[in-house]
Amino acid sequence: MALHVMDEANRCLQCKVPQCQKGCPIGTDIPTAIRLLKENKLDEAGKMLFENNPLTTVCSLVCNHENQCEGHCVLGKKGAPVHFSTIENYISSTFANKMTKGPAPSNGKRVAIIGSGPAGITIAIILARYGYQVTIFEGKDKIGGVLRYGIPEFRLPKSVLDDIEYRHLNLKGIKVRPNTTIGGAIGIDDLFRDGYQAIFIGTGVWKPNTLHIKGETFGHVHFGINYLNNPDSYRLGERVIVIGAGNAAMDVARTAIRKGSPYLTCFSLTKKVAASDYEFSYAQLEGVQFEYNKRPLEITDEGVIFIDVEEHEDGSFTDIEGSAKLYPANSVIISISQGPQNRIVNTTEGLKATQRGLLEADETGHTSRPGIFASGDVVNGARTVVEAVAHSKIVAESMHAYMQSLDKNESHSEA
């Protein structure tokens, strides 16, 4: 591993205007990280990576590198780009073992984080660095959100998330309340009552989008996000149809094949899958079949009836008459993205949502109610992990500034 990493590091041209860094949504200083590694300063490189991106280890595994850092590398124009994902993973996973520093001195202020996905974890870590007493409220039994319950083990080992919980949360004094849903027994107003000065909502998007076609409620039909949550609880059979062709659908398909469903076909409405080339190529290698320009009409006990569609330049589609056909399947998985749950909005006065159910928030995370902030998928819809982390860094600073302003206002009123 180390020899391969150094081979990749030695290929870096150390460009004066690094396009790789421009291609990174969180602006990782890639040339400096590589230079420090080559100078045997791995700890400095690791510290720099984690300070810039608290989830650098995760991002090294699950980022869409082909369109981001590696996709912008100048060497990739005529050959293979520098595979910074491999370098980043080596530096971050090696340095992580040395991260044993305890919590920062407390500033006496409480902050509540609702949801422990990429956004929630990022904000919790950054605010803990300032000395805030941070409590994370997580609806499931373990932290991670979509990282744990929406990304397969073969792409993101659960041990990586367990290490984050230990080194970034437990050691830093961040408390976690698992199996606790805000908007049920505990509400937003209860948190303010108990002295939390600011509240962050990062509950993600867990409500599956539906097709609204006949047969969608049948017992052999499942939603992709639910399947990825716990694949071992499903008995799909040998022949499976996945409706959808994005990255999440690739995760569903590759997981189902690993769990014993050898005949699996993904159906795409368009003539090209929405998934990245990287994920698409892996799915093909592992035996996933693909059908294009097919629209589902009805789900039956025997499978799914699809009709062929003609795709137009303006993005519209026209059904081709007489082309409807039944494609047999033991199980059907619908994977066409997700939307937000609305429990918190429905139980919190003054909190506004869009027509899609996403929380309304400005660029720095302020919602319609003072003291409540939001970012991540619950604001922007399903996005990449690194995009959630990048935006959450901005929101964390906004929350810090807000709580600092409360102190100033109190001091003025006392005067």
Side-chain angles (χ1 to χ4, degrees), residues 54-55 57-58 62 103 110-128 132-153 156-192 194-208 225-226 228-230 233 338-348 351 358-359 365 367 372-380 382-383 385 388-389 391-392 395-396 399:
L55 295 185
T57 311
V58 171
V62 303
R110 294 183 184 275
V111 176
I113 307 293
I114 304 174
S116 66
I121 292 175
T122 299
I123 288 179
I125 291 171
I126 292 173
L127 292 182
Y132 291 99
Q133 298 177 40
V134 180
T135 299
I136 296 176
F137 297 85
E138 171 52 51
K140 297 185 182 294
D141 61 334
K142 291 182 179 293
I143 67 111
V146 69
L147 300 176
R148 185 181 293 273
Y149 298 101
I151 299 178
E153 173 80 17
L156 179 60
K158 303 299 185 284
S159 59
V160 173
L161 302 175
D162 294 338
D163 190 67
I164 287 173
E165 182 169 18
Y166 171 65
R167 298 189 184 282
H168 291 289
L169 306 186
N170 296 346
L171 288 180
K172 305 304 181 188
I174 297 171
K175 294 180 173 62
V176 179
R177 283 188 62 164
N179 301 311
T180 305
T181 301
I182 303 301
I186 297 175
I188 292 287
D189 291 326
D190 296 318
L191 298 177
F192 281 127
D194 288 347
Y196 292 92
Q197 286 200 329
I199 298 170
F200 172 76
I201 301 174
T203 48
V205 285
W206 293 96
K207 185 178 179 181
I225 191 65
N226 296 339
L228 290 173
N229 193 344
N230 187 3
S233 64
Q338 302 87 236
Q341 305 282 8
N342 53 14
R343 182 179 286 111
I344 291 178
V345 172
N346 290 343
T347 58
T348 305
L351 199 59
L358 300 169
L359 283 178
T367 67
I372 301 179
F373 297 77
S375 76
D377 292 354
V378 75
V379 172
N380 300 311
R383 299 287 181 87
V385 173
V389 175
H391 185 222
S392 296
V395 177
M399 294 177 70

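Every residue two or more places apart in sequence or in another chain that forms a side chain to side chain contact (heavy atoms under 4.5 Å, CB included) with Lys142 is listed here: Arg148, Tyr149.
Sorted by first and then second residue, the salt bridge (charged side-chain N to carboxylate O under 4.0 Å, His left out) pairs involving residues 163-172 (not counting sequence neighbours) are Asp163-Arg167.
If you take CZ on Phe373 and OG1 on Thr367, they are separated by 7.5 Å, rounding to the nearest 0.5 Å. Between atom OG of residue Ser116 and atom CD1 of residue Ile123 there is a gap of 12.5 Å, rounded to the nearest 0.5 Å. To the nearest 0.5 Å, the span separating CG on Asn170 from NZ on Lys175 amounts to 10.5 Å. Taken to the nearest 0.5 Å, the OG1 atom of Thr135 stands 11.5 Å off from the CD1 atom of Ile114. Rounding to the nearest 0.5 angstrom, the gap separating the CD1 atom in Ile143 from the CG atom in Leu169 is 5.5 Å. Between the CD atom of Gln338 and the CG atom of Asp377 there is a distance of 8.5 Å, given to the nearest 0.5 Å.
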Practice task
Assess whether side-chain contact (heavy atoms from CB on, under 4.5 Å) is satisfied between Leu358 and Val205, documenting all intermediate values.
Solution key: CA-CA 9 Å; Leu358 300 169; Val205 285; 4.3 Å; yes
Problem - side-chain contact (heavy atoms from CB on, under 4.5 Å) assessment of Phe137 paired with Thr203 - result: CA-CA 10 Å; Phe137 297 85; Thr203 48; over 6 Å; no
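Two residues are said to be in side-chain contact when any heavy atoms from C-beta on lie closer than 4.5 Å; Pro208 and Asn226 meet this criterion. Residues Ile164 and Thr57 are not in side-chain contact: their nearest non-hydrogen atoms beyond the backbone lie 4.5 Å or more apart. Between Leu55 and Leu147 the shortest side-chain heavy-atom distance falls below 4.5 Å. Within the 4.5 Å cutoff, the side chain of Arg110 has no heavy atoms near those of the Tyr132 side chain. Residues Lys140 and Asn229 have side chains in contact (heavy-atom distance under 4.5 Å, counting atoms from C-beta outward). Contact annotation: the side chain of Thr180 never approaches that of Glu138 to less than 4.5 Å [non-hydrogen atoms, C-beta and beyond].
Across every non-hydrogen atom of Lys158 and Ile151, the tightest pair is NZ-O, 3.7 Å. Across all non-hydrogen atoms, the minimal contact from Val111 to Tyr196 is C-CD2, 3.4 Å. In terms of heavy atoms, Asn380 sits closest to His391 at ND2-ND1, 3.8 Å. When every heavy atom of Pro152 is checked against every heavy atom of Leu228, the shortest pair comes out as CG-CD2, 4.3 Å. Residues Ala112 and Leu191 approach most closely at CB-CD1, 4.0 Å, considering heavy atoms. Taking all atoms of both residues into account, the shortest heavy-atom contact from Ser375 to Ser392 is OG-OG, 2.9 Å.
Looking only at distances, a side-chain donor or acceptor of Asp190 sits under 3.5 Å from a matching main-chain atom of Gly187.
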